Novice: 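Before we start, here is the structure in question, set down as C-alpha cells.
As the structure is a computational prediction, the values presented were derived from the model and not from experiment. When a ligand or atom number is given, it counts from 1 through the structure's own listing order.
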Amino acid sequence: MLSCYSSSVAMEILSRALASVTDSVALVHPTFDNIADLLRGNRLGLVPLEEDPLHADDLPAELLESVGCVFVTTPNNPTGRVVSAERLRRLAGQCARHGVILALDTSFRGFDTRAQYDHYEILDASDVRWVVIEDTGKLWPTLDLKVGMLVHSENLGLPVEKIYSDILLGVSPLILGMVRRFSEDAAAGGLTELHEFIAAQRSVVRAGLADLSTTGVPDPDSRASVERVLIRHLTGTEVWEALREHHVYALPCRAFYWADPARGDRTLRLALARASAPLAQCVRALRHVLTPR
Ligand SMILES: Cc1ncc(COP(=O)(O)O)c(C=O)c1O
C-alpha cells in the first residue's frame with residue numbers, strides 16, 4: 001500500500017505505470033473528469049464503459065481484448081452507482097481471463113454501506129491483477145486533510161513503487177496522525193452520523209425542488225456526498241452562470257461525460273458535504289433560477 005498526498009497523485013502514478021505496458025484503458029462513463037485527464041495526459045487512449053452495461057451483463061470480449069486495463073469508480077462520482085460484490089466477482093473473473101488489469105477508485109465508499117464489503121477478498125480470489133485507489137479526502141473535506149492510497153495485488157507487474165519513489169517519499173506524519181484520529185471517531189459512530197447528515201442534506205435538495213416541473217432526480221438511489229439535479233429547460237452551464245449572480249456555486253456536469261460532454265448538459269451537481277445553511281441558500285437560489293417565468 002502506497003500512501004499519497006491525494007487520490008489524484010495515486011492516479012497519476014497508476015496512469016504513468018499503465019502507460020509502460022498498454023496504450024488503451026476502458027473507463028467508466030461518466031466519472032470524475034480528472035481520472036480521464038490524468039490517463040490521457042499519459043497518452044493512454046480511453047474507451048468509454050457506460051454504467052448500464054457495466055452493471056448488467058458480462059463485458060464484451062472484444063472490449064477486453066482491446067484494452068490493458070478496466071477502470072471503474074465505485075461508488076461513482078457523480079451518479080453514486082455502486083458495483084455490487086457479485087458484479088465485482090464477475091468483472092474480476094473476466095479481467096483475469098483476458099489478462100486485463102482491473103483498477104477501482106473507491107474514494108466515495110465511506111458514504112455508502114453497500115460499497116463496504118471486502119473488495120480485496122474478491123479481487124484476490126480471482127487471480128486478477130488489480131489496483132484500488134482508496135481516499136480519505138471526501139470523508140473529512142477540510143483544509144486539504146487527506147490521504148490517497150494506492151493498493152495493489154502482488155502480481156500487478158507495473159512499476160508503481162519506482163514511480164511512487166520518483167514523485168514522493170511519503171505523507172506527512174501530521175496528516176497521517178489526524179486521519180487516524182478522524183478514522184477512530186468514524187468507527188466510534190462518526191461514520192453513521194455522517195451518513196445521516198448527508199441523507200438529511202440530500203432531502204433538503206430534493207424537498208426544495210420537488211414541486212418544480214423543470215427539475216428531476218436522476219440518481220434516486222445515490223448515497224454519495226453529491227447530488228445531481230436534472231434540469232429540463234436550461235443547460236447546466238446556463239444555470240451555473242445564473243447561480244453565480246446569487247454567489248452560489250454548483251457544478252455543471254459536462255466534464256463528467258469525458259467522452260461526450262453534451263450528455264452532461266442537462267445536469268448540475270451539488271456538493272452535500274458542507275454546512276447546512278449555505279446548502280439551503282443554494283437550493284433557494286436554484287429554485288429562483290429554475291422557476292419558469
Ligand atoms: C472519484 C474521485 N476520485 C478522485 C478524486 C480526486 O481527489 P483529490 O482532488 O483529493 O485528489 C475525486 C475528486 O473529487 C473523485 O471524485
Novice: Taking atom CG of Asp57 as the centre, does the number of heavy atoms from other residues, nucleotides or ligands within less than 6.0 Å exceed 12?
Specialist: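 No, CG of Asp57 has 12 or fewer neighbouring heavy atoms, counting only those of other groups under 6.0 Å.
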
Novice: Is the CZ atom of Arg274 crowded by more than 12 outside heavy atoms at less than 6.0 Å?
Specialist: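 Yes, CZ of Arg274 has more than 12 neighbouring heavy atoms, counting only those of other groups under 6.0 Å.
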
Novice: Looking only at side chains, do Glu227 and Ser222 share a donor and an acceptor under 3.5 Å apart?
Specialist: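 No, no side-chain donor-acceptor contact under 3.5 Å.
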
Novice: In Å, rounded to the nearest 0.5 Å, how long is the span from OH of Tyr164 to CG of Leu168?
Specialist: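 If we round to the nearest 0.5 Å, Tyr164:OH and Leu168:CG are 4.5 Å apart.
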
Novice: Any chance you could measure Ser107, atom OG, to Met149, atom CE, to the nearest 0.5 Å?
Specialist: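 Reported value, rounded in 0.5 Å steps: 9.0 Å.
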
Novice: Just wondering, are more than 12 heavy atoms of other shown residues or ligands nearer than 6.0 Å to CZ in Arg90?
Specialist: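 12 or below, so no.
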
Novice: For ligand 1, give me the residues whose heavy-atom distance to it is below 4.0 Å, by chain and number please.
Specialist: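 These residues qualify: Ser6, Ser7, Ser8, Phe32, Thr73, Asn77, Asp105, Ser107, Phe108, Lys138, Lys146.
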
